[in-house]
S.K.: 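The structure is given below, and queries will be raised subsequently.
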Amino acid sequence: MIIANWKCNGNKEMMFSWTADYERECDDNDTFVGVAPPSIYFKQFCIENSFLNILGGVQDVDYLDGSRTGAISVDMLTDLDCGFSIIGHSERRQIFNENNNLIKEKLKSLNNEIITILCIGETKEENDKGLTKDVLKDQLEIVNELSLDAEFTVAYEPVWAIGSGLTPEPKDINEIHKYIKDVVQSNSANNLSPKVLYGGSVTDKNAESFFNEEFVDGALVGGASLDGTTFAKIVNIFNKTKEL
Ligand code: PEP
């Protein structure tokens with residue numbers, strides 16, 4: 001599973017060239033590929049890429065509808081056949097002050113409706129203090145006693161690795177992914193072991209080192225997904241590595 005998060009980047013022209021570059025580079029494969037463009041371009045993205053095996057998704061959602069200026073609700077996503085929603089991205093937590101209570105409401109409203117990709121991750125300071133597992137366990141509390149959709153997915157994104165060119169060692173990522181799977185499995189009502197994606201400075205140069213690890217089920221890609229050729233290369237690498 002390879003997911004692109006375009007964040008607040010892109011425009012109409014970029015989308016045309018992205019699709020052409022992706023199509024040219026991507027080998028035939030059955031990897032689950034999703035792209036979350038800015039929501040305002042969601043429909044255009046889906047139309048332009050309808051001949052490709054790519055699911056359109058969104059970067060965030062609100063948990064209610066009605067008098068909530070600027071919000072997009074789960075019902076609206078369902079109406080437009082949206083394939084997935086990211087929630088809990090560290091930029092939402094840090095810039096928009098989103099906390100676990102709010103992210104839990106989002107998870108509950110998406111659960112069993114639209115595939116949820118829950119982002120979690122520790123800061124550099126927390127990592128330095130050896131608090132990574134504690135922080136992740138706190139962020140994962142929102143799954144406690146929920147019966148999770150079979151496709152519920154977690155993205156492990158160390159905040160210090162996002163857009164920095166820095167990454168943890170692949171073997172450390174593997175250990176954290178196993179931990180995340182175990183925590184979700186023990187705490188969710190239906191004991192679901194989720195897929196876990198790695199996110200944070202993934203490129204076509206380092207992707208294979210992550211995909212070689214047993215508990216890495218794919219990647220959430222930010223900066224490198226803005227280029228259709230590079231993103232297609234990452235998809236190809238995933239397909240080859242996990243096929244073996
Ligand atoms: C992200 O912000 O979700 C992300 C993974 O970004 P980047 O790949 O640019 O580090």
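Residues: numbered from 1 along the sequence shown.
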S.K.: So, does Glu122 use its side chain to make a donor-acceptor pair with the main chain of Leu136 at under 3.5 Å?
M.R.: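 Not at all, since once roles are kept as given, no pair shorter than 3.5 Å links the two residues.
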
S.K.: Do side-chain atoms of Thr116 reach the backbone of Ile114 as a donor and acceptor pair under 3.5 angstrom?
M.R.: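 It does hold such a pair.
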
S.K.: Between Asp217 and Lys181, which heavy-atom pair has the shortest distance, and what is it?
M.R.: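 Shortest heavy-atom separation between Asp217 and Lys181 comes out as OD2-NZ, 2.5 Å.
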
S.K.: Same cluster for Val58 and Leu107 if Ile/Leu/Val/Met/Phe/Trp/Tyr side chains link at under 4.5 Å?
M.R.: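 Linked within one cluster.
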
S.K.: So do the side chains of Phe84 and Met1 get within less than 4.5 Å of each other, counting heavy atoms only?
M.R.: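 No - every pair of side-chain heavy atoms lies 4.5 Å or more apart.
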
S.K.: So Thr132 and Glu126, side chain to side chain contact (heavy atoms under 4.5 Å, CB included) or not? Walk me through it.
M.R.: CA-CA 6 Å; Thr132 298; Glu126 290 160 345; 5.8 Å; no

S.K.: Show me the donor-acceptor pairs, under 3.5 Å and distance only, between side chains in residues 27-36 and residues at least two apart or in other chains.
M.R.:
residue : atom : partner : partner atom : Å
Asn29   : OD1  : Thr31   : N            : 3.0
Asn29   : OD1  : Thr31   : OG1          : 3.4
Asn29   : ND2  : Asp27   : O            : 3.1
Thr31   : OG1  : Asn239  : OD1          : 3.2

S.K.: Ion pair present between Lys7 and Glu91, side-chain N to carboxylate O less than 4.0 angstrom?
M.R.: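 Salt bridge present between Lys7 and Glu91.
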
S.K.: Whether the side chain of Asn49 engages the backbone of Leu52 through a donor-acceptor N/O pair (distance < 3.5 Å, no angle test) should be reported.
M.R.: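 Between the backbone of Leu52 and the side chain of Asn49 there is no qualifying donor-acceptor contact (under 3.5 Å).
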
S.K.: Could you measure the distance from the CD atom of Gln44 to the NZ atom of Lys12? Nearest 0.5 Å is fine.
M.R.: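 Between Gln44 CD and Lys12 NZ, I get 7.0 Å after rounding to 0.5 Å.
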
S.K.: Could you go step by step and tell me if Phe210 and Val202 meet the side chain to side chain contact (heavy atoms under 4.5 Å, CB included) rule?
M.R.: CA-CA 9 Å; Phe210 307 129; Val202 174; 4.2 Å; yes

S.K.: Leu166: which other cluster members, linking ILVMFWY side chains closer than 4.5 Å, directly or transitively?
M.R.: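 Via sub-4.5 Å side-chain contacts, Leu166 links to Trp160.
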
S.K.: Kindly indicate whether the side chain of Gln59, heavy atoms from C-beta on, has any atom under 4.5 Å from the side chain of Pro38.
M.R.: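 Answer yes - side chains close enough.
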
S.K.: Is there a side-chain contact between Ile120 and Val154 in this structure, where contact means two heavy atoms from C-beta onward sitting under 4.5 Å apart?
M.R.: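 Contact flag for Ile120/Val154 side chains = yes.
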
S.K.: Determine whether Ile86 and Ile234 fall in the same hydrophobic cluster, where Ile, Leu, Val, Met, Phe, Trp and Tyr are linked whenever their side-chain heavy atoms lie under 4.5 Å apart.
M.R.: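 Looking at the clustering, Ile234 is in a separate group from Ile86.
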
S.K.: Is any side-chain heavy atom of Asp138 closer than 4.5 Å to a side-chain heavy atom of Glu141?
M.R.: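 Yes, side chains in contact.
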
S.K.: Provide the closest heavy-atom pair for Asn190 versus Leu146 in the form atom of the first, atom of the second, distance.
M.R.: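 Heavy-atom minimum between the residues: OD1-O, 3.8 Å.
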
S.K.: Can you measure from NZ (Lys137) to CD1 (Ile180) and round to the nearest 0.5 angstrom?
M.R.: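 Rounded to the nearest 0.5 Å, the NZ-CD1 separation comes to 13.0 Å.
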
S.K.: Could you give all pairs that pass the salt bridge (Lys or Arg N to Asp or Glu O under 4.0 Å) test and reach residues 70-87, with sequence neighbours left out?
M.R.: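 Non-adjacent pairs meeting salt bridge (Lys or Arg N to Asp or Glu O under 4.0 Å): zero.
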
S.K.: Would you please name every residue forming a side-chain hydrogen bond (donor to acceptor under 3.5 Å, both in side chains) with Lys124, sequence neighbours left out?
M.R.: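 If we apply the side-chain hydrogen bond (donor to acceptor under 3.5 Å, both in side chains) test to Lys124, skipping adjacent residues, the hits are Asp128.
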
S.K.: Looking at Lys129 and Glu125, is there a salt bridge between them, counting it only when a charged N and a carboxylate O are closer than 4.0 Å?
M.R.: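 Yes, Glu125 and Lys129 are salt-bridged.
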
S.K.: Would you name the heavy atoms of Asn111 and Ser147 that are closest together and state the gap between them?
M.R.: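 Taking Asn111 first and Ser147 second, the nearest heavy atoms are ND2-O, 2.8 Å.
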
S.K.: Tell me, do Ile237 and Phe211 make a side-chain contact under 4.5 Å, heavy atoms counted?
M.R.: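 They are in contact (side-chain heavy atoms under 4.5 Å apart), so the answer is yes.
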
S.K.: Can you pull out every side chain to side chain donor-acceptor pair (under 3.5 Å) where at least one residue sits in residues 198-208? Sequence neighbours excluded, please.
M.R.: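 Listed once each, the pairs are Thr203-Asn206.
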
S.K.: I need the minimum non-hydrogen distance between Lys242 and Glu214, along with the two atoms involved.
M.R.: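 Minimum heavy-atom contact is NZ-O, 4.2 Å.
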
S.K.: If you count heavy atoms of other groups shown closer than 6.0 angstrom to CD of Glu145, is the number above 12?
M.R.: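 Not buried by this count: 12 neighbours or fewer within 6.0 Å.
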
S.K.: Do Val143 and Ile176 land in one hydrophobic cluster if side-chain heavy atoms of ILVMFWY residues count as linked below 4.5 Å?
M.R.: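 Same hydrophobic cluster.
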
S.K.: Output all residues satisfying side chain to side chain contact (heavy atoms under 4.5 Å, CB included) with Asp134, sequence neighbours left out; order by chain, then residue number.
M.R.: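 Once residues adjacent in sequence are excluded, the partners of Asp134 under the side chain to side chain contact (heavy atoms under 4.5 Å, CB included) criterion are Leu131.
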
S.K.: Side chain of Asn99, backbone of Arg93: donor and acceptor closer than 3.5 Å?
M.R.: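 Absent.
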
S.K.: For residues 35-56, which residue pairs qualify under ring-ring contact (aromatic ring centres under 6.0 Å, His included), counting only residues two or more places apart or in two chains?
M.R.: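 Every pair satisfying ring-ring contact (aromatic ring centres under 6.0 Å, His included) with a residue in residues 35-56: Trp6-Phe45, Trp18-Phe45.
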
S.K.: Rounded to the nearest 0.5 Å, what separation is found between the OH atom of Tyr179 and the CG atom of Leu140?
M.R.: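 With rounding to 0.5 Å, OH (Tyr179) is 7.5 Å from CG (Leu140).
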
S.K.: Is there side-chain contact between Tyr22 and Ile54, with at least one heavy-atom pair below 4.5 Å?
M.R.: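 Contact flag for Tyr22/Ile54 side chains = yes.
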
S.K.: Starting at CD1 of Ile87, measure out to SG of Cys119 and round the result to the nearest 0.5 Å.
M.R.: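 Interatomic distance, Ile87 CD1 to Cys119 SG, rounded to 0.5 Å: 8.5 Å.
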
S.K.: For Phe152, enumerate each residue passing the ring pair (Phe, Tyr, Trp, His ring centres under 6.0 Å) test, keeping only those at least two apart in sequence or located in another chain.
M.R.: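 Ring pair (Phe, Tyr, Trp, His ring centres under 6.0 Å) list for Phe152, sorted by chain: empty.
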
S.K.: Quick one: side chain to side chain contact (heavy atoms under 4.5 Å, CB included) partners of Lys43, sequence neighbours excluded?
M.R.: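 With sequence neighbours excluded, Lys43 shows a side chain to side chain contact (heavy atoms under 4.5 Å, CB included) to Ile47, Leu80, given in chain and number order.
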
S.K.: Take Leu148 and Gln185 through the side chain to side chain contact (heavy atoms under 4.5 Å, CB included) test and state the conclusion after the steps.
M.R.: CA-CA 10 Å; Leu148 293 166; Gln185 190 165 31; over 6 Å; no

S.K.: Remaining members of Phe96's ILVMFWY cluster at a side-chain heavy-atom cut-off under 4.5 Å?
M.R.: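 Noted: Phe96 shares its cluster with Ile95.
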
S.K.: When rounded to the nearest 0.5 angstrom, what is the spacing between CG in Leu110 and OG1 in Thr78?
M.R.: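 Reported value, rounded in 0.5 Å steps: 8.5 Å.
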
S.K.: Does Phe238 belong to the same Ile/Leu/Val/Met/Phe/Trp/Tyr cluster as Ile115, with side-chain heavy atoms less than 4.5 Å apart forming each link?
M.R.: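 Looking at the clustering, Ile115 is in a separate group from Phe238.
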
S.K.: Are the side chain of Ser90 and the backbone N or O of Gly88 linked by a donor-acceptor pair below 3.5 Å?
M.R.: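 No, because the side chain of Ser90 does not come within donor-acceptor range (under 3.5 Å) of the backbone of Gly88.
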
S.K.: Taking all non-hydrogen atoms of both residues, which atom of Gly121 and which atom of Val159 are closest, and how far apart?
M.R.: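 That would be O-CG2, 3.9 Å.
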
S.K.: Given salt bridge (charged side-chain N to carboxylate O under 4.0 Å, His left out), test Lys178 with Glu175 step by step and report yes or no.
M.R.: CA-CA 5 Å; Lys178 169 86 173 70; Glu175 188 200 322; over 6 Å; no

S.K.: Using side chain to side chain contact (heavy atoms under 4.5 Å, CB included), reason through Leu220 and Glu157 one step at a time and then give a plain yes or no.
M.R.: CA-CA 8 Å; Leu220 178 52; Glu157 299 207 306; 3.3 Å; yes

S.K.: Could you give the distance from CD1 (Ile3) to OG (Ser225), rounded to the nearest 0.5 Å?
M.R.: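 Answer rounded to 0.5 Å: 10.5 Å.
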
S.K.: What residues join Leu64 in its hydrophobic cluster, counting side-chain heavy atom gaps under 4.5 Å, either direct or through other members?
M.R.: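 Leu64 shares its hydrophobic cluster with Tyr63, Leu102.
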
S.K.: Indicate if Ile173 and Phe215 have the same hydrophobic cluster label, given that clusters are the connected sets of ILVMFWY residues with side-chain heavy-atom separations under 4.5 angstrom.
M.R.: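 In one cluster with Ile173: Phe215, no.
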
S.K.: Restricting to non-hydrogen atoms, name the atom on Lys104 and the atom on Ile142 that form the minimum distance, rounded to 0.1 Å.
M.R.: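 Lys104 and Ile142 have their closest heavy atoms at CE-O, 3.5 Å.
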
S.K.: Which residues pass the salt bridge (charged side-chain N to carboxylate O under 4.0 Å, His left out) test with Asp60, sequence neighbours left out?
M.R.: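 By the salt bridge (charged side-chain N to carboxylate O under 4.0 Å, His left out) rule, Asp60 matches Arg92, Lys106.
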
S.K.: Counting only heavy atoms from other residues, nucleotides and ligands, does the tally under 6.0 Å from CG of Asn53 exceed 12?
M.R.: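 No - once you tally the heavy atoms of other residues, nucleotides and ligands closer than 6.0 Å, there are 12 at most.
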
